[in-house]
Amino acid sequence: MSVKSALSDQANIALGNVVGSNIFNVLFILGISALIVPLRVSKQLIRLDVPLMIGLSVGVLLFAMDQNISRYDGYILLAGLAAYLGFLIYEGRKNTGTHNGPSDEKRSLNQKKIPARTIGFKI
């Protein structure tokens with residue numbers, strides 16, 4: 001829908017759809033997931049990813065204050081995305097070989113609990 005709106009010169013609908021779907025995905029989907037299975041949160045999420053997401057949201061708001069997100073603003077956002085993806089790839093390669101997740105035994109026990117919790121919510 002965002003692409004169709006942008007191509008038909010309705011950028012407000014496209015931007016609203018992107019921002020609205022991000023808010024929905026973070027709050028609703030993550031909230032429902034946490035109700036079903038408790039989520040483990042890494043330090044990187046709390047110290048880097050969430051503040052970055054909040055900062056980016058404020059940045060998009062500032063870009064949109066003049067009722068226009070220009071091509072130059074888009075280049076800035078695209079460069080920020082490329083830098084963030086590059087950082088994630090660098091960190092992922094640097095941390096390869098370390099194992100911070102649950103052991104295979106714990107993982108299999110947690111996977112056995114999921115159907116029981118799901119059945120509990122259906123009843």
Side-chain angles (χ1 to χ4, degrees):
M1 177 167 194
S2 295
V3 173
K4 184 178 179 182
S5 299
L7 292 176
S8 64
D9 206 26
Q10 296 176 336
N12 293 338
I13 293 175
L15 181 63
N17 189 25
V18 169
V19 172
S21 66
N22 285 338
I23 291 170
F24 180 81
N25 286 336
V26 169
L27 298 179
F28 185 77
I29 302 298
L30 197 57
I32 294 295
S33 300
L35 285 174
I36 296 170
V37 176
L39 303 174
R40 297 184 73 195
V41 179
S42 69
K43 288 181 183 179
Q44 179 182 346
L45 183 70
I46 294 171
R47 292 185 181 173
L48 176 71
D49 295 335
V50 170
L52 191 65
M53 186 186 314
I54 292 169
L56 182 64
S57 298
V58 171
V60 169
L61 177 67
L62 293 175
F63 284 153
M65 292 292 276
D66 63 353
Q67 301 289 322
N68 184 23
I69 295 182
S70 68
R71 190 169 290 204
Y72 178 73
D73 297 337
Y75 289 142
I76 292 172
L77 293 171
L78 191 60
L81 174 65
Y84 180 65
L85 289 176
F87 172 76
L88 289 178
I89 291 169
Y90 171 77
E91 285 294 312
R93 288 185 177 167
K94 184 172 80 170
N95 293 331
T96 303
T98 60
H99 183 71
N100 296 330
S103 66
D104 291 337
E105 183 179 319
K106 281 186 177 180
R107 190 177 300 124
S108 67
L109 288 174
N110 285 338
Q111 289 174 346
K112 290 177 184 177
K113 291 179 185 178
I114 292 172
R117 289 181 183 164
T118 306
I119 291 169
F121 279 108
K122 290 181 182 178
I123 294 176

Check the pair V60, D73 against side chain to side chain contact (heavy atoms under 4.5 Å, CB included), reporting the backbone distance first and the verdict last. CA-CA 9 Å; V60 169; D73 297 337; over 6 Å; no
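To the nearest 0.5 Å, atom CG of residue D49 and atom CG of residue L88 are 6.5 Å apart. Atom NZ of K94 is separated from atom CD1 of I89 by 14.5 Å, given to the nearest 0.5 angstrom. Taken to the nearest 0.5 Å, the OH atom of Y84 stands 10.5 Å off from the CG atom of L56.
With hydrophobic clusters built from ILVMFWY side chains whose heavy atoms lie under 4.5 angstrom apart, L77 does not share a cluster with F87. Under a hydrophobic clustering in which Ile, Leu, Val, Met, Phe, Trp and Tyr are joined whenever their side-chain heavy atoms come within less than 4.5 Å, directly or via other members, Y90 and L85 fall into different clusters. Under the 4.5 Å side-chain heavy-atom criterion for Ile, Leu, Val, Met, Phe, Trp and Tyr, L48 and I54 are members of distinct hydrophobic clusters. No continuous path of ILVMFWY side-chain contacts below 4.5 Å connects L81 to Y75, so the two sit in separate hydrophobic clusters. I36 and I29 end up in the same hydrophobic cluster when Ile, Leu, Val, Met, Phe, Trp and Tyr side chains are linked at under 4.5 Å.
Counting heavy atoms from C-beta outward, F63 and I76 have side chains that approach closer than 4.5 Å.
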